[in-house]
**Student:** 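Quick one: structure below, then a few questions.
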Amino acid sequence: MAVDAGAESGRAGPSGGGESAVDARDVAVSVTGLRKQFGDGPDAITAVNDVTLEIETGSIVGLLGPNGAGKTTLIKSILGMVLPDAGTVRIGGVDRSDRPREAYRSVDAMLEGARNDYWRLTVRENLRYFTTISGVDPESVRDRHDRLLSQLGLAAKADVPVRELSRGMKQKVSLASVLAGGADVVFLDEPTLGLDIESSRTLQRELRRLVEEESLTVILSSHDMDVVETVCDRVLIMSKGELIADDTVDALLERSNRHCIRLTSSDLEPSIVSTLKRRFDTISVESRGSDTRIEVTTDSDGLYELMDLLHAADVTLERVQTIEPDLEDVFVDVLSIEREER
């Protein structure tokens with residue numbers, strides 16, 4: 001994998017190389033027993049601790065975790081930008097340690113905090129440059145470049161130097177450059193950072209299209225739970241260097257035992273609301289004319305307790321709504337359970 005360490009760009013890009021001798025497999029990325037420790041003695045920090053995972057070809061996998069969980073170290077260890085202390089990494093069945101150029105031949109990445117493009121070049125020149133260093137003739141993928149520029153709202157800025165663009169536009173150029181050469185596996189670290197809502201949704205649609213039409217494999221690390229829930233097929237959750245959850249988005253959502261109930265009633269007097277606040281996790285209380293609307297979060301047992309309490313207080317409910325848990329709720333639950341078990 002080529003890393004332009006001496007230039008403006010901090011972007012990790014694919015390397016040229018011969019045809020792989022390994023047959024195409026369903027597994028795009030395989031990690032076994034990966035471990036990375038920084039420092040020695042009592043001050044040592046284990047950033048990645050015995051992580052094993054496989055990522056299927058043609059899927060989008062979300063990587064979640066609180067700050068310091070080890071997500072960035074894991075990504076950089078897979079990409080060869082950090083040398084792990086133990087473990088193996090295979091890309092398309094090729095061992096990264098044995099044949100790095102072959103393993104990274106069709107891999108690209110966009111990393112948060114790095115300058116991922118050459119700011120003196122224009123937008124289109126960046127796409128052509130990073131396509132070229134990946135071993136692809138830029139003229140052969142000109143249509144791809146035009147589509148990316150159009151889809152990401154960059155067509156009008158195609159001949160403008162990147163340094164003259166806003167932060168959000170620079171982020172779009174980084175994304176377009178990563179996708180420009182037709183890499184089979186891409187790593188995206190906070191890809192929607194700095195993007196407005198419309199641009200973020202455009203990116204999500206383009207990623208899904210590339211995955212479905214061209215079998216692109218995406219490993220996406222983000223704090224934006226809505227993006228992960230919308231585009232990812234599967235989610236990995238890390239905490240303190242370890243993988244603590246690995247499942248499909250649907251399976252993770254079904255795992256939650258959390259119920260958010262929105263109650264609306266004119267009988268929800270201040271004393272009753274006060275009791276509900278003491279007994280349950282209250283999200284919000286809002287007065288609407290003669291009605292009061294309150295949202296509480298509880299588990300299955302607490303739901304029966306809630307209804308018994310309201311019945312005993314002679315509260316007539318005008319409306320009851322159940323709000324399904326989202327990925328953020330599941331994420332919080334998983335981390336809470338993991339902390340309790342330590």
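Owing to the predicted nature of the structure, the values given are computational and were not obtained by experimental measurement. Start at 1 with the first residue, then count along the sequence.
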**Student:** Are the side chains of Val160 and Leu165 in touch, meaning some heavy atoms are under 4.5 Å apart?
**Tutor:** yes
**Student:** Tell me, yes or no, whether the heavy-atom count around Glu328 atom CD, taken from other residues, nucleotides or ligands under 6.0 Å, exceeds 12.
**Tutor:** no
**Student:** What distance separates Phe331 CZ from Asp326 CG, expressed to the nearest 0.5 Å?
**Tutor:** 12.0 Å
**Student:** Just so I know, are the side chains of Val285 and Leu276 near enough to count as touching, which here means a heavy-atom distance under 4.5 Å?
**Tutor:** no
**Student:** Answer yes or no: are there more than 12 heavy-atom neighbours, outside Lys36 itself, under 6.0 Å from its atom NZ?
**Tutor:** yes
**Student:** So does Asp40 have more than 12 non-hydrogen atoms from other groups sitting under 6.0 Å from CG?
**Tutor:** no
**Student:** What are the two closest heavy atoms between Val27 and Ser30, and how far apart are they?
**Tutor:** CG1-CB, 4.0 Å
**Student:** Step by step, would you call Ile244 with Leu335 a side-chain contact (heavy atoms from CB on, under 4.5 Å)?
**Tutor:** CA-CA 8 Å; Ile244 61 172; Leu335 289 179; 3.8 Å; yes
**Student:** Determine, using the 4.5 Å side-chain heavy-atom cutoff (strictly less than), whether Leu148 and Val136 are members of one ILVMFWY cluster.
**Tutor:** no
**Student:** Within a radius of less than 6.0 Å around CZ of Arg147, do more than 12 heavy atoms belonging to other residues, nucleotides or ligands occur?
**Tutor:** yes
**Student:** Is any side-chain N of the basic residue among Asp146 and Arg124 closer than 4.0 Å to the acidic one's carboxylate O?
**Tutor:** yes
**Student:** Do the side chains of Ser221 and Ile75 get nearer than 4.5 Å, heavy atoms only?
**Tutor:** yes
**Student:** Salt bridge or not for Glu206 and Arg209, using N-O below 4.0 Å?
**Tutor:** yes
**Student:** Between the side chain of Asp85 and the main-chain N/O of Gln37, is any donor-acceptor distance below 3.5 Å?
**Tutor:** yes
**Student:** If you take all heavy atoms of Leu243 and Leu236, which pair is closest and at what distance?
**Tutor:** CD1-CB, 3.7 Å
**Student:** Given Arg293, which of Glu318, Gln321, Glu286 fulfils the side-chain hydrogen bond (donor to acceptor under 3.5 Å, both in side chains) condition?
**Tutor:** Glu286
**Student:** Under the 3.5 angstrom rule, does the side chain of Thr52 hit a backbone N or O of Gly33 as a donor-acceptor pair?
**Tutor:** yes
**Student:** For the CD atom of Glu139 and the OG1 atom of Thr132, what is their distance to the nearest 0.5 Å?
**Tutor:** 9.5 Å
**Student:** Linking I/L/V/M/F/W/Y whenever any side-chain heavy atoms sit under 4.5 Å apart, do Val320 and Leu268 land together?
**Tutor:** yes
**Student:** Out of the candidates Asn116, Asp108, Asp117, Asn126, only one should pair with Ser177 under the side-chain hydrogen bond (donor to acceptor under 3.5 Å, both in side chains) rule; please name it.
**Tutor:** Asp117
**Student:** In Å and rounded to the nearest 0.5 Å, what is the CG to CD1 distance from Leu63 to Ile219?
**Tutor:** 9.5 Å
**Student:** For residues Ser134 and Gly181, report the shortest heavy-atom separation together with the two atoms involved.
**Tutor:** OG-CA, 4.2 Å
**Student:** Could you check Leu152, Leu195, Leu154 and say which one makes a side chain to side chain contact (heavy atoms under 4.5 Å, CB included) with Met169?
**Tutor:** Leu154
**Student:** Quick one: which of Asp246, Asp247, Thr248 gives a side-chain hydrogen bond (donor to acceptor under 3.5 Å, both in side chains) with Arg234?
**Tutor:** Asp246
**Student:** Same cluster or not: are Tyr104 and Val82 linked, directly or through other Ile, Leu, Val, Met, Phe, Trp or Tyr residues, by side-chain heavy atoms under 4.5 angstrom apart?
**Tutor:** no
**Student:** Atom CZ of Arg205 and atom OG1 of Thr230: how far apart are they, to the nearest 0.5 Å?
**Tutor:** 11.5 Å
**Student:** Please answer: with hydrophobic residues joined when any side-chain heavy atoms are less than 4.5 Å apart, are Ile261 and Val330 in the same cluster?
**Tutor:** no
**Student:** Are any of the side-chain heavy atoms of Asp224 and Leu193 separated by less than 4.5 Å?
**Tutor:** no
**Student:** Do Leu149 and Leu127 come within less than 4.5 Å of each other through their side chains, counting heavy atoms only?
**Tutor:** yes
**Student:** Would you say Leu216 and Leu179 make side-chain contact, with heavy atoms under 4.5 Å?
**Tutor:** yes
**Student:** To the nearest 0.5 Å, how far apart are CD1 in Ile272 and CG in Leu309?
**Tutor:** 8.0 Å
**Student:** Mind listing the closest non-hydrogen atom pair of Val315 and Ser265 along with its distance?
**Tutor:** CG1-OG, 3.6 Å
**Student:** Mind running side-chain contact (heavy atoms from CB on, under 4.5 Å) on Ile78 and Ile91 for me, showing each step along the way?
**Tutor:** CA-CA 9 Å; Ile78 294 174; Ile91 311 291; 4.3 Å; yes
**Student:** Determine, stepwise, if the pair Ser59 / Asp233 fulfils side-chain hydrogen bond (donor to acceptor under 3.5 Å, both in side chains).
**Tutor:** CA-CA 6 Å; Ser59 64; Asp233 305 301; 4.8 Å; no
**Student:** Rounded to the nearest 0.5 Å, what separates atom CZ in Arg163 from atom OG1 in Thr122?
**Tutor:** 11.5 Å
**Student:** Using every non-hydrogen atom in the two residues, find where Thr131 and Pro138 come nearest and quote the distance to one decimal.
**Tutor:** CG2-CA, 3.8 Å
**Student:** Find out whether Pro191 and Leu220 are in side-chain contact, i.e. whether some heavy atom of one side chain is under 4.5 Å from a heavy atom of the other.
**Tutor:** yes
**Student:** Heavy atoms, side chains only, cut-off 4.5 Å: are Phe38 and Thr73 in contact?
**Tutor:** yes
**Student:** Hey, does the side chain of Gln171 reach the backbone of Glu190 with a donor-acceptor pair shorter than 3.5 angstrom?
**Tutor:** yes
**Student:** Does the side chain of Glu198 pick up a donor-acceptor pair with the side chain of Thr202 at under 3.5 Å?
**Tutor:** no
**Student:** How close do Ala109 and Val178 get, heavy atom to heavy atom, and via which atoms?
**Tutor:** O-CG2, 3.7 Å
**Student:** Does the Arg208 side chain pair with the main chain of Val231, one donor and one acceptor, at a distance under 3.5 Å?
**Tutor:** yes
**Student:** Does the pair Asp50 and Arg35 meet the rule for a side-chain contact (heavy atoms from CB on, under 4.5 Å), with working shown?
**Tutor:** CA-CA 5 Å; Asp50 195 27; Arg35 188 176 188 277; 5.6 Å; no
**Student:** Just wondering, are more than 12 heavy atoms of other shown residues or ligands nearer than 6.0 Å to CG in Leu317?
**Tutor:** yes
**Student:** Between the main-chain N or O of Thr316 and the side-chain N or O of Asp267, is there a donor-acceptor pair closer than 3.5 Å?
**Tutor:** yes
**Student:** Can you list every pair that meets side chain to side chain donor-acceptor pair (under 3.5 Å) and has a residue in residues 148-160, with sequence neighbours left out?
**Tutor:** none
**Student:** Measure from the side-chain N and O atoms of Thr217 to the backbone N and O of Gly58, and report whether any donor-acceptor pair falls under 3.5 Å.
**Tutor:** yes
**Student:** Could you walk me through whether Lys71 and His223 satisfy the side-chain contact (heavy atoms from CB on, under 4.5 Å) test, starting with their C-alpha distance in whole Å, then the side-chain angles of each, then the deciding distance to 0.1 Å, before giving a yes or no?
**Tutor:** CA-CA 11 Å; Lys71 304 185 300 297; His223 285 95; 4.2 Å; yes
**Student:** Is it possible for you to say whether Val141 and Val123 belong to one hydrophobic cluster, with membership spreading through side-chain heavy-atom contacts below 4.5 Å?
**Tutor:** no
